[in-house]
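Beneath this line is the structure, given in structure tokens, with notes to follow.
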Amino acid sequence: MKVVKREQVNEYLTGFDRLSFQKNLIEWFETEKRNLPWRLDNDPYKVWVSEIMLQQTKVDTVIPYFNRFIKKFPTVEALAEAEEQEVLKAWEGLGYYSRARNLQTAVKEVVANYGSRVPKDPNTLSSLKGVGPYTKGAILSIAYDVPEPAVDGNVMRVMSRVLKIDEDIAKQKTRKLFESCIKEVISQANPSSFNQGLMELGALICTPKSPSCSLCPVQEHCAAYQQGMVEQLPVKSKNKKQKTLTYFAFVIHDKSNVLIEQRPEQGLLANLWQFPMVELSKTDLEHTQNWIKQNYGLTVKLGNELSSIKHVFSHLIWDIRVFQMEVIDGAVKEPNAKMVAKERLNQYPFPVSHQKIIQQF
DNA sequence: AAAACGGGGAA
DNA sequence: TTCCCAGTTTT
């Protein structure tokens, strides 16, 4: 079923000089592109890793992670054979940890079913865990020179201005509209530089605020610029604000060890490690010793409140009150928890919120 | 169609 | 503060 109406796309593209637009964009990109570690070659595996890391993440943040990751897992096989904990450790601090777990799941499938070669077939590629419409298009165009759209936030911002499209880019179906438009204007000769050029333009020139229109290589093609509407585009509905959850967290220790536990394999921060936590609404300070005895089998002495940590996620806020506790007696009975030597804490992947706790301890 | 899913940096 | 970032999966 064709969701996006063809007439709608044609309307946006009336009088649009595709060849000139392509030429201006590609020549600008070839001249001005940044030297980035994943641009040294077009190894489909490296393109893939970089595209996953770059999801909702700035280039400057990704660079050191990418270099370390590729050094540690240079090939599809190396990543497929690694321990998941090792992969999560390499991803620690980057966020959206399901990206790392999905990537490894997908890479294992590539080794098992596709002779360790990243699939070139669009449907096969899409079937891989963590490879959605954007990543599929990015890998196909950048690694394999296939003229497929790769529509991300940059592309929607740039093209919403160039074609003066005022649909809400927060809506799912709007991405499909942009894909239909890109299919019409993408360079068949050089889809890689075309797609990367759109994204690079969005990152360097056609920025969300105060875009540098005077430096723009496609200014003459930009409907929003001609009509003085650049600042009004793209249209994006706002998301509602986060809910705050308050927790107690406990640094439970003896002379040399600390109690940590692994989070569930589903949901927020899946499979990462943390100090035991309980929501404030589910207990109170008077009952915490009892709660720890019940859940972990340890008798503890309540120590000082170390600190209060506020950690902001995209969809919620954690307010964590951290307490120190000393183990008096007992053995850990909770299977997902264990006492580990303080010096070995850095072997485990922790979310940033709990890395803050480690720092203060 | 909407919500879940991290973390950092810019304005 | 608010918004944004080379999005995908689950509900």
Side-chain angles (χ1 to χ4, degrees), chain A residues 3 29 33-34 36-39 46-66 88 91-103 105-106 125-143 149-158 168-176 178-179 182 192 195-204 206-211 231 234 236-243 263-264 266-272 274 310-318 349-356:
Chain A
V3 180
F29 176 69
K33 67 179 174 189
R34 292 166 290 180
L36 300 174
W38 47 89
R39 287 181 178 163
K46 292 183 203 161
V47 171
W48 185 6
V49 171
S50 70
E51 291 303 338
I52 299 296
M53 285 188 171
L54 285 161
Q55 290 172 9
Q56 303 295 294
T57 312
K58 290 281 208 299
V59 164
D60 288 341
T61 306
V62 168
I63 291 171
Y65 280 92
F66 176 83
L88 285 174
W91 210 270
E92 183 183 55
L94 201 50
Y96 284 126
Y97 299 94
S98 66
R99 292 184 294 174
R101 304 201 310 138
N102 290 341
L103 175 60
T105 301
L125 205 47
S126 299
S127 74
L128 298 172
K129 263 294 188 222
V131 179
Y134 165 75
T135 305
K136 175 187 69 172
I139 293 173
L140 286 174
S141 61
I142 298 171
V151 175
D152 67 347
N154 284 314
V155 172
M156 287 198 283
R157 183 172 58 258
V158 171
D168 182 358
I169 65 167
K171 304 260 187 237
Q172 190 106 81
K173 61 188 291 189
T174 305
R175 197 204 72 243
K176 295 176 192 281
F178 281 97
E179 283 174 353
I182 296 296
S192 171
N195 278 346
Q196 292 187 79
L198 281 182
M199 294 188 268
E200 197 82 338
L201 193 61
L204 301 180
C206 195
T207 48
K209 284 163 197 164
S210 315
E231 298 281 2
K236 184 175 186 180
S237 55
K238 344 191 191 308
N239 38 3
K240 55 180 204 264
K241 71 179 217 288
Q242 309 99 315
K243 201 164 282 180
R263 294 178 58 85
Q266 298 274 317
L268 185 65
L269 305 168
N271 283 1
L272 271 68
Q274 66 177 13
K310 183 177 162 166
H311 190 79
V312 179
F313 298 82
S314 54
H315 58 304
L316 57 87
I317 298 171
W318 275 2
F350 285 86
V352 167
S353 50
H354 283 246
Q355 288 179 47
K356 292 175 187 168

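Naming convention: chains lettered A, B, ... in sequence-line order (proteins, then strands); numbering from 1 in each chain.
Looking at which nucleotide of DNA chain C each of A:Leu128 and A:Val59 is closest to, the 5′-most match is held by A:Val59. Take the nearest nucleotide of DNA chain C for A:Ser126 and for A:Ile169: the residue whose nucleotide is more 5' is A:Ile169.
Looking at residues two or more places apart in sequence or on another chain, you find no ring-ring contact (aromatic ring centres under 6.0 Å, His included) involving A:Tyr96. Scanning for side chain to side chain donor-acceptor pair (under 3.5 Å) contacts around A:Gln274 gives A:Glu261, A:Arg263, with sequence neighbours left out. Listed by chain and residue number, A:Tyr247, A:Phe313 satisfy the ring-ring contact (aromatic ring centres under 6.0 Å, His included) test with A:Trp318 (two or more places apart in sequence, or in another chain). Residues passing the side chain to side chain donor-acceptor pair (under 3.5 Å) test with A:Thr57, sequence neighbours excluded: A:Arg99. Evaluation of the side-chain contact (heavy atoms from CB on, under 4.5 Å) rule for A:Glu231 yields A:Pro211 as partners, not counting sequence neighbours. Taking A:Ser237 as the reference, A:Asp168, A:Ala170 meet the side-chain contact (heavy atoms from CB on, under 4.5 Å) condition, with sequence neighbours excluded. Residues forming a side-chain contact (heavy atoms from CB on, under 4.5 Å) with A:Ala138 (at least two apart in sequence, or on another chain): A:Glu51, A:Tyr134, A:Ile142, A:Ala150.
For the pair A:Tyr134 OH and C:dG7 P, the interatomic distance rounds to 6 Å; values are reported in whole Å. Residue A:Gln242 contributes atom CD, which lies 11 Å from atom P of C:dT1 at whole-angstrom precision. Between the P atom of C:dG7 and the CE atom of A:Met156 lies a distance of 8 Å, rounded to the nearest Å. With rounding to whole Å, A:Arg175 atom CZ is found 12 Å from B:dA1 atom P. Rounded to an integer number of Å, the gap from CD of A:Glu179 to P of C:dA6 is 17 Å. For the pair A:Asn239 CG and C:dG7 P, the interatomic distance rounds to 15 Å; values are reported in whole Å. Taking atom NZ of A:Lys173 as the reference point, atom C1' of B:dA1 lies 11 Å away to the nearest angstrom. C:dT8 atom C1' lies 9 Å from atom NZ of A:Lys129, rounded to whole Å.
Checked against B:dA2, C:dA6, C:dT8, the side chain of A:Pro133 finds its nearest nucleotide in C:dT8.
Using a 4.0 Å heavy-atom criterion, one finds that A:Arg39 contacts the bases of the nucleic acid, with or without backbone contacts as well. At a threshold of 4.0 angstrom between heavy atoms, the contacts of A:Val131 are confined to the sugar-phosphate backbone, with no base atom among them. Contacts of A:Trp48 with the nucleic acid, taken as non-hydrogen atoms under 4.0 Å apart, are absent. A:Lys238 comes within 4.0 angstrom of sugar-phosphate atoms only, judged by non-hydrogen atoms across all strands, and of no base.
The line from CE of A:Met199 to CZ of A:Phe29 is 8.0 Å long, rounded to the nearest 0.5 Å. Taken to the nearest 0.5 Å, the CG atom of A:Leu88 stands 10.0 Å off from the OG atom of A:Ser98.
Nucleotides B:dG8 and C:dT1 are separated by 15 Å at their C1' atoms, to the nearest Å. A gap of 16 Å separates the C1' atoms of B:dG7 and C:dT2, to the nearest Å. Comparing C:dT8 with B:dG9, their C1' atoms are spaced 23 Å from each other, to the whole Å. Remark: the separation of the P atoms in B:dA3 and C:dA6 is 24 Å, to the nearest Å.
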Inset, instruction - Kindly express the pairing pattern of DNA chain C in dot-bracket notation, using | wherever a base pairs with another strand and counting only Watson-Crick or G-U pairs under 3.5 Å. - result: ||.||.|||||

Inset, instruction - Let me have a per-nucleotide readout for nucleotides 3-11 of chain B, 5' to 3', with B, S or -, counting only protein heavy atoms under 4.0 Å. - result: SSBBBS---

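Residues A:Val352 and A:Gln355 are in side-chain contact: their nearest non-hydrogen atoms beyond the backbone lie under 4.5 Å apart.
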